[in-house]
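These notes concern the structure reproduced below.
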Amino acid sequence: MINAPRGTNDILPPQSFKWNYIESKAKYIFDLYNYDEIRTPIFEYTELFQRGIGEETDIVEKEMYTFEDKSKRSITLRPEGTASVVRSFLENKIYGKAQPTKYYYIGPMFRYERPQSGRYRQFNQLGIEVFGSQDPRVDAEVIAVGMHYMDILGLEDLSLYINSIGCPKCRPKYLKRLKDYLNNNIDKLCEDCKRRIDKNPLRVLDCKNDRCQKVIDGAPKIIDYLCDECEVHFDNLKENLHNINIDFIIDPGLVRGLDYYTKTAFEVKYEGLGAQDTIFGGGRYDRLAEEIGKRDVPGIGFALGVERLLLTLKKQGIEIPIDKSVDIYLTTIGKKAEIASFKLLEEFRRRGIKAEIDYMGRSVGSQMKSADRMNATYTVIIGENELENKKATVRNMKSGKEQEIDIDNLVKSIEKMI
RNA sequence: GUGGGUAUAGCUCAGUUGGAUAGAGCGCAGGAUUGUGGCUCCUGAGGCCGUGGGUUCAAGACCCAUUACCCACCCCA
C-alpha cells in the first residue's frame with residue numbers, strides 16, 4: 001500500500017463540499033471589494049524565493065521543496081504566494097496600467113516541516129495583494145476584506161493584532177537598540193534567543209519562553225522608534241480601522257517571519273486553534289518589488305490558511321450547508337426496463353435534469369433506499385407493467401404520492417414538475 | 001531535526017492480572033414486504049489485532065525494533 005506523502009491530505013466528499021463553500025464565499029467577498037483573480041505557477045526558480053523571502057528566514061533555510069529540473073535549473077515549489085504575484089506583476093509590466101492593482105489568489109503552497117494540527121507540507125492559502133498605493137486606507141481595506149470574510153462565514157471570537165515594523169529608514173536604529181538591550185540581558189534568554197540576537201533579533205520578540213518573555217516585556221518597542229513617515233502611517237491605519245469599526249489590539253511583539261515586510265504587520269488569531277492559531281496574517285511590503293525587479297512598487301496583502309479556517313469553523317461548531325440531492329432516481333425492474341431507463345437517464349441529463357440510476361443490481365427496495373439516501377425529489381419506477389402500458393410510475397418522495405406518466409412524454413412532463 | 005501519545009472490521013471503539021472461535025454500535029448487503037424509501041425486526045458479508053523480531057506451554061494484550069498517524073518544540077498560513 002502506498003500512502004499519500006507525509007503532510008499531504010486527500011480532500012474527499014463531503015469535505016470537498018466545504019472547500020467549495022468557503023472558496024465561493026471568498027470569491028464573493030474578493031469581488032465585492034473589486035479584487036481579481038491571478039494564477040501563477042506552482043513552482044518558480046529558486047532565486048525568486050531566496051531573494052524575495054530572504055536568505056535567513058526559516059522558510060528559505062530549511063523548509064523549501066527545492067530540486068533540479070532536467071536542465072539543471074533549481075526549481076522550488078512555492079512556499080507562499082506573494083513573491084510569485086509580485087514577480088508576475090513586474091514581469092507582465094502591470095505597473096504600466098492604472099493603479100492600484102488588486103489581486104487575489106488561491107491554491108496550494110509547500111513547506112517541508114513536521115506536520116501538526118493546522119500545519120501541513122502541502123497546504124492551501126487564499127490571499128490578496130494590492131500594488132501601487134501607499135495610502136494607509138489600503139492597509140485598512142486589506143484587513144477589512146479578511147474581517148468581512150470571517151463575518152460572513154459566521155466566525156466569532158477572533159482577535160486582530162496589528163503592529164508597525166518600520167521601514168529601512170527607522171528599523172536599523174531600532175534594531176541596534178534592541179540588540180544592545182538583548183546583549184545586556186543575554187544570560188536571561190533561552191538558547192534559541194541567544195542565537196537570534198545577531199541573526200534575527202526581531203524574532204526574539206516572538207519567543208514564547210516564559211523567561212524570555214520577562215526580558216521582552218522590558219525591551220524597547222519598535223513603535224517607539226518609528227520615523228515620522230512610519231508613525232503617521234501607523235496612526236492613520238488605526239484611525240481608518242476605527243472609522244470602519246474594526247477592533248484591534250496593538251501587539252509590539254508582532255513581527256512577521258518573512259524579511260520583506262515594512263510598516264504594517266497584522267495577524268488574525270483564534271485562540272481555540274491550538275499551537276498554530278493564526279488564521280490569516282499579512283502586512284505591507286514596500287521593498288519587495290525592488291528586491292525582485294529593481295522597481296519601486298509598494299504592496300500590501302494577506303494570506304489565509306484554508307486548513308486553519310476549516311479547523312476554526314469546526315471548533316466553533318459552524319455547520320456548512322451541504323444540500324446534495326438529485327431530481328430523479330430511476331428504479332428499474334428487469335433487463336428491458338434497464339435498457340429503457342438508461343436511455344431515459346441520458347435524456348433527463350441532456351435536459352439539465354439531475355438524474356441517477358442503480359448500477360449495482362440492487363433489489364427494488366434497495367433502489368428506493370438509494371433514492372432516499374440521495375435525496376431524490378422523484379423516483380421513476382419502470383418495470384414490465386410500465387413497459388407494457390408505456391406509462392412510468394412516478395413517485396413523489398416527500399409525499400409518497402404516485403402517478404402514471406406516459407413514458408414517451410416522461411422527460412417533458414417531469415421537466416414541468418421540478 | 002527533537003520530544004510525547006496512538007495503532008483491533010469501511011467508521012467510532014470494547015477486549016481485565018497473558019489462557020475465546022477476536023466483539024459491539026454505526027455503516028454496507030439481503031430478507032420480513034413474490035415490484036416501493038424513511039420506522040422496526042431478522043440474517044449476512046467484512047479482520048495477517050500497523051509491520052518485523054523476541055519472551056512464553058500460550059501474545060490482540062508483555063519486551064525490543066520499525067513504520068505511519070496525531071500532538072508539541074522550532075517557525076509559520
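These values consider heavy atoms only, across backbone and side chains, with no hydrogens, waters or symmetry-generated copies. The chains referred to below are lettered A, B, ... by the order of the sequence lines, with proteins before strands, and numbering in each begins at 1.
Between the CG atom of N9(A) and the P atom of rC69(B) there is a distance of 10 Å, given to the nearest Å. The CE-P distance, from M150(A) to rA77(B), rounds to 15 Å in whole Å. Atom-to-atom, CZ of R114(A) to P of rC69(B) comes out at 10 Å; the value is rounded to the nearest Å. Nucleotide rC71(B) holds its P atom 6 Å from the OH atom of Y120(A), rounded to whole Å. Computed from coordinates, the E307(A) CD to rC71(B) P distance equals 13 Å when rounded to whole Å. In this entry the distance linking CH2 of W19(A) with P of rA77(B) reads 16 Å, nearest Å. Protein atom CD of Q116(A) is 14 Å distant from nucleotide atom C1' of rG5(B), rounded to whole Å. Atom pair I22(A):CD1 and rA77(B):P shows a separation of 17 Å (rounding to whole Å applied).
Using a 4.0 Å heavy-atom criterion, one finds that A371(A) contacts no nucleic acid atom at all. Using a 4.0 Å heavy-atom cutoff across all strands shown, L126(A) reaches no nucleic acid atom at all. Residue E113(A) is in base contact, counting any heavy-atom pair closer than 4.0 Å across all strands shown.
Across all strands shown, rU33(B) remains unpaired; no Watson-Crick or G-U wobble contact has both distances below 3.5 Å. Of the nucleotides present, none pairs with rU56(B) by Watson-Crick or G-U wobble criteria with both distances under 3.5 Å. rC28(B): Watson-Crick or G-U partner is rG44(B), with both key distances under 3.5 Å. Base pairing annotation: rU6(B) forms a Watson-Crick or G-U wobble pair with rA68(B), both donor-acceptor distances under 3.5 Å. Base pairing of rC73(B) is made with rG1(B), judged by Watson-Crick or G-U wobble geometry with both donor-acceptor distances under 3.5 Å. Base pairing of rA20(B) is not made with any nucleotide, judged by Watson-Crick or G-U wobble geometry with both donor-acceptor distances under 3.5 Å.
Judged by the 6.0 Å and 45° rule, K263(A) forms no cation-pi pair with F234(A).
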Report each atom pair, protein N/O against N/O of nucleotides 10-12 of chain B, whose distance is under 3.5 angstrom.
none

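One cannot find a donor-acceptor pair under 3.5 Å joining the base of rA68(B) and the side-chain atoms of R6(A). Contact of E267(A) with rA77(B) (side chain to base): no donor-acceptor pair of N or O atoms is detected under 3.5 Å.
Listed here is the closest heavy atom pair of A392(A) and E386(A): CA-CG, 3.8 Å.
Other residues, nucleotides and ligands place no more than 12 heavy atoms under 6.0 Å from the CD atom of E384(A).
Both thresholds, 5.5 Å between centres and 30° between ring planes, are met by F123(A) relative to the base of rA77(B), so the two rings are stacked.
Checked by atom type and distance alone, the side chain of K324(A) never pairs as donor or acceptor with a backbone atom of P14(A) at under 3.5 Å.
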- prompt: Reading nucleotides 27-38 of chain B from the 5' end, what letters show protein touch, with B for base, S for backbone sugar-phosphate only, - for no heavy atom under 4.0 Å?
  reply: -SSSS---BBBB

